[in-house]
Amino acid sequence: MWNRRLHTLLAATGIILAAGDAATQVPSSRTQVVLLGTGNPGPTPERSGPATAVVVNGQAYLIDFGAGVVRRAAAAQQKGIAALNPINIRYAFVTHLHSDHTVGYPDLIFTPWVIGRKVPLEVYGPPGLKAMTDHVLAAWADDINIRNGPIEKDLPEHGTDGYRVNAHEISPGVVYKDGNVTVTAFSVKHGEWGPRAFGYRFQTADRTIVISGDTSPTESVVEQCNGCDILIHEVYTEAGYARASSEWQRMRRAYHTSSRQLGELATRARPGLLRNVPPHPRQNRRASMKA
């Protein structure tokens, strides 16, 4: 079904994906996709939590903030992606509020502030995001007060407002637009999250990128991709499903997409490049495929 031809630049942080017949054919491409983390709820040492960066004209747009996100971004910076210097990350989008996709949120708020971010973080996500944000800021209230106190406020890296967050609770449709990108949120099916689970479509001048988030097979992914350049989609393997208990099988059917289901979906969605991201322990299938 798929020819395994993929032109990638491997970095310690993840993978930079270049669409097109060959990476050398698009040297002036302004859009990069960096997989900062492809992990799952299990603490697999070699994988950080879910996080993807779309970099356009030197500006990073982060999707999800799982465990280790700031350090993975810093590692990408060391590999030459200046936009992923943590202090440069200003825009983030979260697919849903499961813990494995959000435990890096305090890190994303506070670590870049401590090392020099001067402006508020802009974060977009489902209802519940504002409450989560308020609780994180309340939990670190003493830290905020001390860092804005008489000693630390005079440090050259310090910015009084760099810890602040503007949390935008979204609904399906265009949720963000600037000179680099138009970001469209669309509903996906992720078990009991119901209308509070999203995928995202990033439209730039040279690429269309669709990120499914966690989801069982849903027609909205097909509609939003529709021949897109890159589709990043979660997956679990048929072999792993067969070995799982009936309870885990039931959960996977409700929340996730099997490798067979993804093949069928991708045949209709027709992405130029498909990247599979496994959602669960013992489901570590990392197939990179190009149509």
remark   = When every non-hydrogen atom of A83 is compared with those of V55, the smallest separation belongs to CB-CG1, 3.7 Å
note = Residues passing the side-chain hydrogen bond (donor to acceptor under 3.5 Å, both in side chains) test with R147, sequence neighbours excluded, are D143, E152
key: Residues which pass side chain to side chain contact (heavy atoms under 4.5 Å, CB included) with D178, listed by chain and number, not counting sequence neighbours   = Y61, Y176, N180, V181
inquiry  = As a test of understanding, state which of T184, T182, T208 forms a side chain to side chain donor-acceptor pair (under 3.5 Å) with Q203.
reply    = T208
task = Locate the shortest heavy-atom distance separating S220 from V188; write the atom from each residue and the value.
result = OG-CG1, 4.1 Å
ask   = S48 and L36: which non-hydrogen atoms are nearest, and at how many Å?
value = CB-O, 4.1 Å
Where F186 and I211 come nearest, the two heavy atoms and their spacing = CZ-O, 4.0 Å
query = When the ring planes of W193 and H96 are compared, do they come out parallel, tilted or perpendicular, using 30° and 60° as the limits?
reply = perpendicular
query = Is the number of heavy atoms from other residues, nucleotides or ligands under 6.0 Å of K177 NZ greater than 12?
reply = no
ask   = Passes side-chain hydrogen bond (donor to acceptor under 3.5 Å, both in side chains), S212 versus E234? Steps please.
value = CA-CA 7 Å; S212 73; E234 67 121 88; over 6 Å; no
ask   = Would you say D100 and P50 make side-chain contact, with heavy atoms under 4.5 Å?
value = yes
note = Only one of R260, R252, R253 passes side chain to side chain donor-acceptor pair (under 3.5 Å) with Y241, and that residue is R253
note = Closest heavy-atom pair, P112 versus D107, reported as atoms and distance to 0.1 Å, is CD-O, 3.2 Å
